[in-house]
Amino acid sequence: AQKTVESRNFQTRKSVLEYDDVMNQQRNIIYDERRKVLDGDDLREQTLGMLREFVRTTVTDGMGGVPAEDQPQLDKALQPFEKLFMRRGAIRTADFQGRADSENVIKAVTALAEKVYADREAAFGVGPNGVPLMRELERVVMLRVVDEYWMDHIDAMTELKRGIGLRGYGSVKPVDAYKQEGFDMFEAMVHGIREETVRRLFTVQVRREQPIERKS
């Protein structure tokens with residue numbers, strides 16, 4: 001009986017460690033990225049990478065792997081970009097000579113998005129140190145979005161851990177189900193961080209008389 005109790009206690013402790021290990025791994029990833037933001041001299045390429053990925057996933061989802069056969073179909077696929085960096089009809093099916101497939105549309109939208117972003121950077125100008133204000137704005141926005149989404153994710157993972165043992169998974173152990181769902185939730189969080197960062201950078205307004213202050 002003593003061995004059975006000890007074995008059960010060991011399994012309980014092991015499960016708790018496995019649950020905690022999932023969060024520790026995710027926390028290390030987020031904190032490493034956050035440290036890069038704080039320590040990095042230039043986030044422009046990272047930001048443009050997020051922008052390109054946002055365009056790619058949005059166009060791919062909107063077109064569903066099918067070339068746009070007319071302008072209304074293309075406009076519908078590109079609607080998420082209209083309040084960010086383009087107006088309706090800015091990219092037309094006629095521009096593709098009958099090949100308005102997702103890859104060609106992605107290239108066109110990406111080029112337009114990068115041009116608008118460069119124009120915003122030029123409009124914001126440079127700070128007293130001679131560095132474009134957009135560099136510090138990227139840092140501030142990214143930190144704020146990461147912190148917001150990470151705090152929400154911690155709450156969601158806590159709720160998942162609390163309820164995972166009450167579900168029936170057949171032959172799947174609760175801790176394994178927790179790891180898989182936790183991974184999916186983490187991926188969704190990263191996706192959300194990328195999209196929200198891009199959205200804010202295209203919509204935020206800067207008052208020149210108020211310096212941008214970084215929060216560490």
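Predicted, not measured: the structure shown is a model, and the values here were computed from it. The first residue of the sequence shown is numbered 1, and numbering continues consecutively from there.
- Of all non-hydrogen atoms in V59 and S102, the two that sit nearest each other are CG1-O, 4.0 Å.
- No side-chain donor-acceptor contact under 3.5 Å links R88 to the backbone of Q79.
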Query raised in the report: Is there a side-chain contact (heavy atoms from CB on, under 4.5 Å) between T203 and K83 once you walk through the steps?
Result: CA-CA 8 Å; T203 57; K83 294 182 179 180; over 6 Å; no
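- A salt bridge does not link R56 with E53: none of the charged nitrogens is closer than 4.0 Å to a carboxylate oxygen.
- Judged as a side chain to side chain contact (heavy atoms under 4.5 Å, CB included), and not counting sequence neighbours, the contacts of E114 are L48, L51, R52, T110.
- Tracing side-chain contacts under 4.5 Å through hydrophobic residues (I, L, V, M, F, W, Y), one never reaches I193 starting from F183; they form parts of separate clusters.
- Scored by the side chain to side chain contact (heavy atoms under 4.5 Å, CB included) test, A188 finds no partners at all (sequence neighbours excluded).
- Closest approach of D42 and R139 over heavy atoms only: N-NH2, 4.3 Å.
- Residues satisfying the side chain to side chain contact (heavy atoms under 4.5 Å, CB included) criterion with D101, sequence neighbours excluded, are P67, R99, E103, N104.
- Residue pairs meeting the ring-ring contact (aromatic ring centres under 6.0 Å, His included) criterion with at least one member in residues 42-80, sequence neighbours excluded, are F54-F81.
- Salt bridge annotation for R144-E148: absent, with no cationic side-chain nitrogen under 4.0 angstrom from a carboxylate oxygen.
- Residues G89 and Q71 approach most closely at CA-NE2, 4.1 Å, considering heavy atoms.
- Between V146 and V37 there is no side-chain heavy-atom pair separated by less than 4.5 Å.
- Checked against salt bridge (charged side-chain N to carboxylate O under 4.0 Å, His left out), E69 has no partners two or more places apart in sequence or in another chain.
- Every residue two or more places apart in sequence or in another chain that forms a ring pair (Phe, Tyr, Trp, His ring centres under 6.0 Å) with F202 is listed here: F85, Y117.
- Looking at heavy atoms from C-beta onward, L84 lies out of side-chain contact with V116 at the 4.5 angstrom threshold.
- Of the inter-residue distances, the one linking D75 atom CG with R87 atom CZ reads 10.5 Å to the nearest 0.5 angstrom.
- Listed by first then second residue, pairs satisfying salt bridge (charged side-chain N to carboxylate O under 4.0 Å, His left out) with a partner in residues 182-195 read E195-R199, not counting sequence neighbours.
- Legend: residues meeting side chain to side chain contact (heavy atoms under 4.5 Å, CB included) with N129, ordered by chain and number and at least two apart, are V131.
- Applying the salt bridge (charged side-chain N to carboxylate O under 4.0 Å, His left out) criterion to E121, with sequence neighbours excluded, gives R44, R135.
- For the pair T60 and I106, the minimum side-chain heavy-atom distance is below 4.5 Å.
- E138 contributes atom CD, which lies 12.0 Å from atom CG of L143 (distance to the nearest 0.5 angstrom).
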Would you tabulate the side-chain donor-acceptor contacts of residues 149-158 under 3.5 Å, counting partners in other chains and residues two or more places apart, or write 'none'?
residue	atom	partner	partner atom	Å
H153	NE2	Q26	OE1	2.6
T158	OG1	I154	O	2.9

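- When every heavy atom of A90 is checked against every heavy atom of L112, the shortest pair comes out as CB-CD2, 4.3 Å.
- Among residues two or more places apart in sequence or in another chain, the salt bridge (charged side-chain N to carboxylate O under 4.0 Å, His left out) test is passed with K115 by D119.
- Between E159 atom CD and I164 atom CD1 the span is 12.0 Å, to the nearest 0.5 Å.
- Interatomic distance, CG of L160 versus CE of M185, reported as 5.5 Å (0.5 Å rounding).
- A heavy-atom distance below 4.5 Å is not found between the side chains of V22 and E181.
- Between H191 and T57, the shortest heavy-atom distance links the atoms CE1-OG1, 3.9 Å.
- For the pair M142 and Q46, the minimum side-chain heavy-atom distance is below 4.5 Å.
- Side-chain contact check for M50 versus L201: every heavy-atom pair is 4.5 Å or farther apart.
- We find the CZ-CZ distance between R27 and F186 to be 11.0 Å, quoted to the nearest 0.5 Å.
- D32 is linked by a salt bridge (charged side-chain N to carboxylate O under 4.0 Å, His left out) to R35, counting only residues two or more places apart in sequence or in another chain.
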